[in-house]
Each structure stands twice: as C-alpha cells, then as structure tokens.
Amino acid sequence: MNRTLISYLLSFALLAASPLVLNRFWLEVLNSVGLYAILALSLNVILGNAGLYNMGHAAFYAVGAYCAAILNTQLDIPILWSLPICGLVAAAAGALVCRPIIHLRGDYLLIVTVGVGEILRIALVNDIFGLTGGPNGIFGIDRPFLFGYKIRKPHEFLYLIWGFVAMTVFLFYRLRNSRFGRALDYLREDEVAAEGSGINTGRTKLMAFAIGAAWAGMAGALYASKMTIISPESFTFWESVLIFIIVIIGGSGNITGVLLGAFLIIGLPEFLRAYVGEFANARMWFFGLAMMIMMIFRTQGILPPGPRFFRLPKAGKEVSS
Amino acid sequence: MLRKMMFALVLLALAVTPALAAKTVKIGVMAPMTGSWASEGQEMKQIIELLAAEVNAAGGILGKKVEVVMEDDGGDPRTAALAATRLTTRDVVAVVGNYGSSITEAGQMIFDEEPLVQIANGSTAVRLTEKGLKYFLRTSPRDDEQGRVAAQTLQAKGFKKVAVLHDNTSYAKGLADETMGLLKGMGIDVVFADALTPGERDYSAILTKMKGKGPDAVLFTGYYPEAGLLLKQKKQIGWNVPFIGGDATNNPDLVKIAGKGAAEGFYFLSPPVPQDLPYPKAKKFVADYSAKYGSAPGSIWAVLSGDGFLSIVEAIKGAESTDTEKIAAFLKKKGTKINGLTGPIAFNAKGDRVGEVYKVYKVDASGAFVLQP
Amino acid sequence: MNLLRVEGMTKRFGGLVAVNDVSFSVDEGEVVGLIGPNGAGKTTVFNLITGNYIPDQGQVLFDGASIKGLRTHKIVDAGIARTFQTIRLFQKMSVLENVLAGQHCRMTTGIFGAFLQSPKARAEEQAALDLALEELEFVGLRHEANNLASNLSYGNQRLLEIARALATKPRLLILDEPAGGMNHQETDALLELIRKLRDRGITVFLIEHDMSLVMQACDKLVVLEYGCKIAEGDPESVKNNPKVIEAYLGPDDDEE
Amino acid sequence: MEEFFQQLTNGLAVGGIYALIALGYTMVYGVLKLINFAHGDLFTLGAYLGFTLLTSFGLSDRVGPLLGVLILALMVMGLVALVGMILERSAYKPLRQSPRLSAVVSALGASIFIQNSIMLVYGPNIQVYPHNIMPDTVIHLFGMPVPLMRILILVASVVLMVALYLFIQKTRTGTAIRAAAIDQGAAALMGINVDRVIMLVFLLGPALGGSAGLMVGLYYGQVNFTMGWVYGLKAFTAAILGGIGNIPGAMLGGLLLGLVEALGAAYISIAWKDAIAFGVLIFILIVRPTGLLGERVADKI
C-alpha cells in the first residue's frame with residue numbers, strides 16, 4: 001500500500017514538474033492522456049470492477065460535454081461550476097438508460113450499449129430539441145476559470161486535468177476498498193452468489209453505471225472547455241472502443257493498470273507521430289500491430305488486479321486494516 | 001509502478017528535441033493522412049510537395065528553401081488539436097489546412113494564440129471567418145456563397161419542386177440549410193429534406209422514398225462517393241430526375257462509380273477545376289502533377305490547399321518577412337492578387353476569398369465535366 | 001411457532017412439474033432436513049424459498065409474512081441465508097472478502113460514505129471485519145482469512161459458504177448438501193457445527209444425502225419424491241414410514 | 001403500396017449482405033465465444049482482392065462473365081479464408097485461455113491493422129470496380145423495376161447460407177462444429193479435434209465474409225478501406241439480433257435488420273434510420289434477452 005502511494009506521489013510530482021522540460025505538444029499529449037485516464041477510470045468501474053460489458057461509454061462522455069456546453073453558452077454558467085451538474089446529469093442518463101437493459105448478459109449488453117451510444121450520437125447530429133447544434137456542434141464554450149484565473153495554456157490545463165485525475169484516483173481507491181467496491185467484485189465474480197449473499201445486484205449494477213457515467217460526464221465537461229467547441233464527431237463508436245481498449249490493455253479492474261493503459265494507448269499514436277514522421281500514414285498500422293502484440297504477450301493486460309488482502313491481527317487480537 | 005515512472009522519463013527525454021536554427025522556411029500542413037478522409041490528405045500532401053519543389057527550383061523564398069512540414073490531423077477534432085499544437089512547436093511560419101470545418105475549428109484557436117497564419121482549404125462553414133480572427137484565411141468559398149449559387153441555378157433551370165438531401169456532415173448540412181433558406185424566398189417548394197448516412201452502399205430506400213414525393217430536381221449536398229451511388233441506383237430504379245450536386249461531388253471518381261450512362265446529365269457546382277482554367281499556371285500544374293503522379297488531381301479541395309500554399313509563399317515574398325503580422329497584413333491588403341491554381345486569389349478583411357468562384361458543371365455522355373456557360 | 005411456512009407450493013418447468021403442491025413448516029430453533037432421492041426437487045424447493053425461482057402457485061411465509069416473489073437479496077435481508085449445492089464462492093477473492101460479502105446487507109455505507117470515509121463509515125467497516133473474522137473463527141477457518149478461496153479444500157469451501165451465509169445474520173440458514181464432498185472427520189465437525197448453530201438460536205433447514213448426519217442432526221424431516229411431499233415428521237417416524245422406505249431408502253438398503 | 005414492396009426488396013438486398021457477414025461473426029462466436037471485430041475488415045479485404053483479381057487478370061473476358069465471376073468468387077473466398085486462418089493462429093490462438101475481453105481487444109487491434117494494411121497497399125482512395133462485368137439489366141417484377149444484380153445477390157447469399165446450414169446440420173464435420181460450440185471440453189473428450197474445428201470455422205466465416213465483400217464490390221461498384229467498420233457493426237448487430245452463435249439466427253437477424261432499415265428510412269426518417277435500427281434491437285433484446293433464436297439459458301443454481 002505504501003509503495004503504491006509513494007509511486008503515485010512521485011509520478012504526480014514528475015507530472016507537476018513536466019512543464020519545465022516538456023514543450024507544448026507533449027504537454028497537450030499529457031492532457032489528452034489525462035482526459036482519457038479519467039474516461040478509462042470511469043469505464044473501469046463498470047467494465048473492470050462490475051464486469052459489465054459497456055462499449056458505449058462515449059455516450060456519457062457526450063452527455064457531460066453537451067451539458068457543459070449548453071449550460072455555458074445558453075445560461076453562462078462557468079464550466080467548473082457546471083462540473084457537478086454535468087456529472088449528475090450523466091449519472092442520471094446512465095441510470096435511466098441502463099434501467100431496462102441491465103439484465104442483459106455479456107455480449108448482448110455490449111451491443112446494446114453500442115446501440116445506445118449510436119442512438120445518442122445520431123440524436124446529437126440531428127440537433128435534438130434544437131439544443132445540440134446538429135453536425136456543427138456547439139462552439140464558443142468558455143475556458144474554465146479557477147479562482148478568477150483563466151485557464152488556457154497547455155500547462156495550465158495540465159494542472160487542471162491531472163489534478164482531476166489525482167482526485168479521481170484517490171476517490172476511486174477509496175471506492176474500490178469500500179463496501180460498494182467489494183459489491184462490484186462479487187457481482188463480477190458470481191452474480192447468483194452475490195445476490196444470494198444479500199447484495200442487491202440490480203441496484204449495484206445501476207450504481208456502477210451511474211458512477212462511471214458521472215465521471216465520464218465530468219471528463220466531457222473538461223473536454224468541452226478545453227476545446228471550446230464540441231461536435232458529434234468527437235463521440236463516435238470509435239471513441240467508446242478506444243476507452244474500452246485502454247481498460248482491457250491496462251489491466252481490467254486495476255486503477256494503476258488503467259492509468260498505464262491510457263499512457264500507452266493515447267500516448268503511442270502521438271509517439272509514432274513524432275518518431276515515424278516519414279511513415280505518417282502507417283501510424284495506425286503500427287498501432288494495430290502493437291495492440292495485438294501487447295495482448296498476446298500480456299494476456300491479462302499490463303497490470304492485472306490482484307486479490308485484496310487485509311492486514312490481520314494475531315489470532316485473538318483486534319483487527320485493524 | 002516503476003514502469004510508470006520510467007515511461008514518464010522516456011517521455012521527458014524524447015521531448016527535448018533539438019531546435020535548430022532555421023535554415024529553411026518551414027510551412028506547416030495539417031491534413032488527414034489517416035482515417036476516413038485519408039485520400040484528401042494524401043492528395044494535399046502530393047500537391048503541396050510538388051508546388052514546394054517548383055518553388056525551390058525557382059530559388060525558394062527570401063533566399064531560403066521551402067520545407068513542408070506535414071502533420072496528420074486524423075480527420076477528428078481531438079487529434080487535430082494535438083496536431084496543431086505539435087505544429088506550433090516545429091518552427092513553421094504559417095499553416096495550410098485543414099480539410100473539414102470542424103477539424104479546422106479544433107486547431108483554429110491554437111494557431112490564433114500562437115500566432116500563426118492559417119489558410120484553410122476544405123473548410124466552408126460560414127462561422128469560421130466570422131469570429132474576427134486576425135490570422136485565419138481560407139481559399140475555399142463559404143457555404144452561403146455556394147448556397148446562393150445553388151439556389152440561383154435551381155431557379156434558373158425552372159424547377160418548382162425540389163428535394164434536398166445531405167449527409168449530416170457539418171459541410172453538407174450547412175450548404176443544404178443555406179440553399180433551402182434561399183429557395184423559400186424564391187417560391188420554390190422543398191418537397192423533401194433529409195440526410196443519408198455516408199459510408200453505406202445502398203441508398204435505394206432513400207431514392208424510392210424521394211421518388212414518391214415527385215420532385216422536379218434533387219439537390220445533393222454531400223460527397224462524391226455517395227453521389228455516384230445515388231446516380232447509379234437512381235438509374236436502376238428507372239427514375240429520370242435531374243440531380244444537382246455541391247462542390248464536394250467534384251471528383252472524377254464520381255463518374256467511375258456511377259458509370260457514364262448514369263452520370264450523364266448530372267450538374268454540380270464547383271470552383272473551376274484547373275483543367276478548365278485559361279491561366280498558364282493552372283495548365284502547367286495539371287501537366288506537372290499528371291507527369292509526377294500518373295493522373296490529374298481528383299479533389300478540388302486538395303487543389304485549394306495548393307492555392308493556400310502558394311498564397312503563403314507569395315505573401316512571404318511580398319512582405320519580405322516570415323513575420324505572422326506581416327504575412328497576414330499582406331494577404332488581406334486590398335489589391336493583393338495571387339496567381340493561384342484556381343485563378344486569381346484575393347482575400348477580404350475577414351479572410352474569405354473574394355470574387356465569383358462558383359461555376360456550374362455538367363457531366364456529358366463521355367463522363368467529362370463540362371463547364372456550363 | 002412456524003418460522004417458515006410453505007403452503008401448496010408448485011413449480012413447473014415447461015411440461016415438467018418439479019415441485020407439486022408441497023406444504024410444510026419449519027419451527028424456530030429447529031434443525032429440519034429435506035431429503036429425497038436425486039431429482040426429487042429438493043434444490044428447487046430451496047430455490048423457490050430463496051427467491052431464485054418464483055413459485056407458480058402456493059405461498060411462502062417467513063415469520064408470518066409472505067416472501068413469495070421477493071428478490072433474493074430482499075429475502076436474505078429478511079433473515080434467510082443459504083449455501084449452494086455446487087459451491088459458489090468468489091473463487092478469486094480472499095476468504096475474508098468472501099465472508100464480508102455476507103455483511104453487505106447489514107451495512108449502510110454508500111458511495112459517498114466510501115468517498116468521505118467518515119468516522120462512522122470507518123467504524124462500520126471495522127465492525128464488519130471483526131464480525132467476519134468471528135464467523136471465520138466459528139467455522140474454524142480464521143487462519144485461512146487471507147488465503148484465496150480457490151485454494152481451500154472442498155470441505156473448507158463448504159464451511160466458508162456457511163461462514164458467508166452466517167455473516168448475513170440469518171434467522172434461518174438453508175444448507176444445500178453441506179456434507180457433499182466431505183470426509184468422515186469433516187462430516188463429524190459439520191455435525192458439531194450444526195449443533196453450535198442451533199445453540200446460537202439459528203434455525204437450520206438442510207438438504208443432505210448423508211443419512212447418518214441427517215438422523216443425528218435433525219429434529220424433523222421432510223421427504224420429497226417426484227416433487228411431492230411423501231412424509232414429514234421426526235427422524236424416527238420418517239425412518240419407519242413404509243412409503244419412505246419403499247420410495248427412498250429401498251427395501252434392502254442400509255441407512256448408510 | 002408499390003412503394004412499400006419496392007422498399008421490401010431494398011431491405012432484403014441490404015439484409016442479405018448483412019446476413020452473409022453476420023454468419024462469420026456468429027460461427028466464430030459459437031465456437032470461441034469471441035467477437036471477431038476484425039471480421040468486417042476481412043469483408044473489406046474480400047472486396048479489394050476481388051478488385052485486384054478482376055482488374056489484373058481480365059478474367060471475365062476470357063471465360064465469360066458468369067463463369068468468370070464464379071471463379072473469381074472461389075479465389076477470393078479461398079484467399080480471405082487463408083488470411084482468416086493466419087489471423088486466428090497468430091492473434092487469437094495465444095489468447096484462448098485468457099479473459100474473453102483480451103481476445104476482443106486483440107481482434108480490435110487486428111481490425112485496425114488489416115484496415116490500415118489495405119490503405120497502405122491500395123491507397124486511401126475509393127477503388128471502383130470495372131463497370132462492364134455484370135449485366136446492367138433491370139427486370140420488372142409485378143411492375144416494379146428491380147435490378148437483376150440485386151436478385152442475383154440475394155439468391156447467391158441465400159444459396160451460400162443454405163449450403164452452410166446443410167453443412168453444419170448434415171455432415172460429420174458440421175456435427176463436430178456444433179458439438180464444439182456447445183462444450184469444447186466434452187467435444188474434445190469425444191475425440192473431436194477442437195483445434196481443427198476452430199481452424200475450420202476461421203476458414204468458413206472469413207470465406208463468407210470475403211464473398212460478401214466481392215458482392216458489394218460487384219454490385220455497388222465502389223469499395224473503400226473503411227467500409228468494413230460500417231458493415232461489420234451492422235452485421236454484428238444482426239448476429240446479436242438473431243441470437244449470436246445461432247446460424248439461422250444470423251440469417252434472420254440480417255434480413256430483419258435490412259428490412260427495419262429500409263422501412264424505417266421510408267416511413268419514419270432517413271436521418272434517424274440507424275437509431276431506429278438500434279432502437280428495434282434494444283427493444284427486441286429487452287423482450288428476448290438472448291435474441292430472436294438464441295437459446296434461453298437458465299442459471300443452474
């Protein structure tokens with residue numbers, strides 16, 4: 001536990017110092033990694049912990065982004081203020097959408113989540129309720145203000161985004177080691193046994209979706225304020241697939257693994273951009289190849305989760321964890 | 001855990017790339033080299049590299065060679081924003097691109113804040129130049145201008161009932177909306193308006209439905225692959241109705257897809273293709289391009305990126321500086337006329353290209369695009 | 001008084017009547033056995049009580065209130081816990097975590113509690129751990145607390161299931177073949193455990209094929225054959241019931 | 001009313017292609033429980049290989065269009081089957097014992113890899129099939145104009161599907177495939193070489209996908225390197241709709257999806273067509289959680 005904590009502190013310290021040595025491009029790559037880290041961590045709750053195959057996560061990302069954009073452009077609500085609202089709206093969307101489909105298993109759930117994502121994207125393209133701006137999307141979204149300071153430079157976003165990542169990691173570790181986190185594990189391992197042990201599996205699944213959706217929604221709000229323009233093109237099926245890949249390649253269920261996955265999957269194409277310059281059109285070819293090789297050699301992902309152990313007192317004494 | 005730190009270290013090490021003193025004038029190009037629009041991007045690259053070679057053969061600019069710096073925007077906004085940021089770290093003096101309004105918009109602010117002059121090619125959304133950005137220009141015309149030409153064409157041909165079909169891309173919908181707005185004022189009925197899904201193959205269901213509405217003509221504002229299929233399948237269901245396309249249908253592949261018989265009689269609007277221009281520069285370009293790559297350029301948008309490149313080259317020469325302010329000032333100055341591939345290029349204060357650009361073309365029985373008087 | 005009452009319960013799967021108009025009751029503090037040949041519908045009766053299946057007809061009353069049609073976790077919450085015939089542990093998780101699963105429905109910390117880790121939430125977590133360890137101690141698996149469930153022997157896995165069920169603080173404990181796969185020694189220990197359970201005031205309702213265990217442990221037996229109840233009563237009377245002997249034990253069979 | 005029937009034929013033509021691709025998904029799924037996301041790209045590969053063979057050998061000039069296309073189809077199916085088998089050996093076999101989703105990610109990697117390989121070899125431009133290969137005839141069925149090719153395609157896909165069905169149901173090898181789909185371990189105990197079955201499935205599925213690619217090329221005339229993504233997702237939807245793992249289910253699902261799309265476009269909205277199709281899928285799965293013909297598996301407790 002302590003070793004993990006130290007590594008995290010060191011890593012975040014390195015990230016905090018990175019603007020000293022990295023140029024804007026690499027800072028933006030780190031920002032992109034950070035955004036996807038939040039998205040992947042949020043999907044990890046659903047896919048990695050609860051074991052629910054969700055390949056439509058971009059839908060919740062979109063809900064958050066559009067929510068922030070609409071609140072900001074129509075009602076002038078500052079982005080950071082709208083963050084919790086976006087989370088709640090996305091969570092509500094997650095719970096609402098998943099209510100009727102939650103009993104589906106495995107791949108049936110997977111295709112239905114794909115369907116939900118596509119339906120939402122099509123709704124956005126068709127300018128549903130006249131709010132989403134159709135294929136143009138919404139533009140003129142404000143940059144976020146933090147204590148009266150306008151955030152716009154890459155390194156400023158680095159602190160905002162990675163600060164959010166740090167908070168997410170901290171909270172999700174707590175969540176994972178809580179009653180709720182364990183319930184997700186039981187659910188993934190054996191749904192019948194979990195229900196038979198008194199766990200409300202239906203509700204737990206919904207909560208998993210709601211939490212995952214909430215964080216994806218907040219990531220969407222951050223994305224909207226970073227880009228200042230959003231359009232349905234940013235929330236395609238491919239986006240869901242990308243987040244899905246990060247979770248599985250990183251190590252489904254393991255927070256550190258998922259973070260590493262985000263570095264790898266989002267970082268690698270940019271890496272290739274910088275170092276295979278001559279073969280720019282082969283960038284994605286390398287990427288696909290790397291994915292296959294990675295899965296073949298680390299079939300469980302980079303860092304698969306291990307079992308959770310508790311520090312126990314010597315027999316007869318009180319327990320402390 | 002160590003792995004993570006090592007990764008960060010490697011990132012750090014690689015990021016400290018040496019910045020050499022500028023021995024060349026670097027011009028950045030943002031283009032979709034991968035993804036669905038890769039064909040556009042790769043043609044942009046070919047055209048600009050050809051033009052750069054010619055500029056260099058003629059002595060370069062300001063005594064230096066021109067170097068083209070390509071950046072892949074992947075055809076999606078997030079990647080485009082990253083690509084734009086990377087371009088700002090590569091010592092370029094100005095940027096050509098992108099293809100696609102929403103892709104352009106993702107990088108627009110990044111270049112504006114840098115600041116760098118950006119000349120977009122395939123970005124027709126009206127709002128791009130309505131933001132008051134000082135350093136943004138485009139060689140492509142705007143949706144509203146094309147919409148005006150489209151509406152006038154429909155009116156001139158005497159159609160009373162028109163079906164409008166787009167593909168729900170930002171560009172096609174923009175054009176469809178502009179045109180429909182104008183048609184209303186002209187007393188022309190829009191009896192059908194809907195959007196197809198690009199990338200599919202079978203549009204018979206849509207054609208059947210449209211046919212049921214009985215329009216005099218169909219305006220399709222999407223791209224050539226779908227236009228070609230629509231023409232082909234329209235003929236198959238035995239529907240003989242005039243089709244009119246927007247400038248995204250200007251591509252020789254249209255006829256290949258539809259077949260000559262089905263493509264014959266198809267009208268489309270477009271800036272003039274280089275083959276049709278009287279200017280020697282255009283003729284030479286087409287000849288050179290064909291000699292180097294084996295066929296004439298297919299996409300008008302890629303050709304417009306060549307115009308963007310030439311504009312920047314001329315502006316640097318004219319301003320005798322690679323300073324962003326000066327380049328932009330030169331380009332927007334009244335009276336500046338650049339000899340481009342699609343004719344003389346001049347920009348207004350907003351950064352839009354001025355002058356009548358659109359022409360009407362018709363496909364003849366041999367599949368050739370014939371400029372209409 | 002009756003803790004559990006089943007009245008006229010019937011369940012069909014397609015054309016097959018798996019449980020046919022079965023009625024019986026389990027009194028508080030008793031150990032009751034449900035026996036019958038393979039395929040008699042015993043496990044189905046259990047599944048009907050615990051809400052895994054819903055009876056087509058009939059009524060299930062627990063402590064006087066109907067629990068028919070409730071979801072399983074509600075029934076657990078009401079005070080009925082169970083083990084499974086085919087062991088269903090969370091194999092890749094630790095023994096202690098398996099027991100904590102049972103504590104879930106007795107805890108209240110939600111998502112925000114987990115985020116905030118308030119003193120109350122910490123205290124609850126600590127109490128759950130303590131209780132889980134107590135239950136492990138009770139079944140004799142405390143020393144295995146940090147082992148993986150899949151590493152336990154078959155017999156110990158059955159005990160772990162009992163510990164997990166106990167952690168839900170049940171009034172009625174339903175055991176589906178608890179001695180299945182156990183050796184003699186383990187079976188003896190199990191008998192001891194069942195008696196200890198009764199001493200704790202927990203009512204036990206079990207399916208078991210090991211007749212010696214059944215005869216020693218149970219206060220009362222219910223006998224099923226082909227989905228129908230053919231006998232109910234104390235072990236001695238059931239043992240001598242000619243219907244049971246004929247249908248189940250067979251004329252020449254020993255009790256073993 | 002005529003428009004309605006016209007739309008029915010439109011839907012069936014699209015649905016036939018979906019069904020053919022869906023078969024590949026469903027067969028692989030049946031045996032390996034793997035969603036082979038690269039299947040759509042094998043379909044694309046079929047279309048491109050067909051293009052190359054057609055343009056480089058001038059086949060139809062030598063032996064006449066019908067025989068030419070038949071030979072072409074066999075060649076394309078053989079080549080795509082070969083690629084499918086190599087794919088299985090290299091990208092999926094090492095993952096057979098790992099968590100299911102790892103193999104899915106490997107399949108996604110393979111999809112990106114194949115798609116970009118095609119782009120690198122053929123370039124990103126649309127490739128257009130020669131026009132003179134197939135007859136342009138339009139025949140009139142009950143007064144409706146229906147292109148002959150459309151009927152031929154539907155017939156060809158039905159023939160392929162029925163052949164596959166008979167093969168799976170009536171032959172020994174087919175029985176082995178079905179057995180391996182139900183329980184690999186038990187099948188192995190019964191002396192079935194499960195590894196060979198998997199190989200066979202990875203020959204048959206891609207071959208059918210490749211043939212669908214060729215049909216799309218021949219009929220629609222236009223292929224591009226990203227089309228596998230669009231068709232693949234639709235076909236996968238069709239397979240799930242029918243109950244994945246179930247061969248008649250894939251056929252039914254494909255045809256039904258085609259019809260839903262055509263009728264949805266005709267009578268509700270073209271722009272919302274895909275949303276309608278997915279909506280129907282979700283509705284059907286809510287009512288029948290394992291698809292139209294999928295078996296309902298009750299949990300053994």
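Naming: A, B, ... by sequence-line order, numbering from 1 per chain.
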*Residue by residue, which of residues 90-101 of chain A have a heavy atom closer than 4.5 Å to a heavy atom belonging to chain C?*
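No residue falls under the 4.5 Å cut-off.
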
When the 4.5 angstrom heavy-atom criterion is applied to C:T83 and chain A, the contacting part is neither

What one should report as the nearest heavy-atom pair of C:H73 and A:I199 is CB-O, 3.5 Å

Distance-minimising heavy-atom pair for C:I111 and A:M207: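 Nearest pair, atom of C:I111 first, then A:M207: CD1-CE, 3.3 Å.
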
Q. Between A:E189 and C:R88, is the closest basic N to carboxylate O distance under 4.0 Å?
A.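 No, no charged N to carboxylate O under 4.0 Å.
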
Among [options], which residue forms the greatest number of heavy-atom pairs with chain A at distances under 4.5 Å?
options	answer
C:L100, C:D77, C:T50	C:L100
C:E97, C:E124, C:R71, C:K92	C:E97
C:A101, C:G102, C:G110, C:S94	C:A101
C:N146, C:N147, C:T168, C:N98	C:N146

Checklist entry - Under 4.5 Å between any side-chain heavy atoms of A:F310 and C:L129, yes or no? => result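 Yes, their side chains come closer than 4.5 Å.
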
Quick check: do A:Y186 and C:M93 have side-chain heavy atoms less than 4.5 Å from each other?
yes

Fill in: Option among A:R182, A:R179, A:R174 that satisfies the salt bridge (charged side-chain N to carboxylate O under 4.0 Å, His left out) test with C:E125
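For C:E125, the salt bridge (charged side-chain N to carboxylate O under 4.0 Å, His left out) check succeeds only for A:R182.
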
What residues of residues 114-122 of chain C sit under 4.5 Å from chain A when you count only heavy atoms?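 Within residues 114-122 of chain C, the residues under 4.5 Å from chain A are C:A114, C:F115, C:L116, C:Q117, C:R122.
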
Practice task
Spell out, as yes or no, whether a donor-acceptor pair under 3.5 Å connects the side chain of C:R164 to the backbone of A:S197.
Solution key: no

Notebook entry, point to check: When you look at C:F84 and A:V192, which way does the side-chain contact (heavy atoms from CB on, under 4.5 Å) test go after all the steps?
Noted result: CA-CA 10 Å; C:F84 296 88; A:V192 173; 3.9 Å; yes

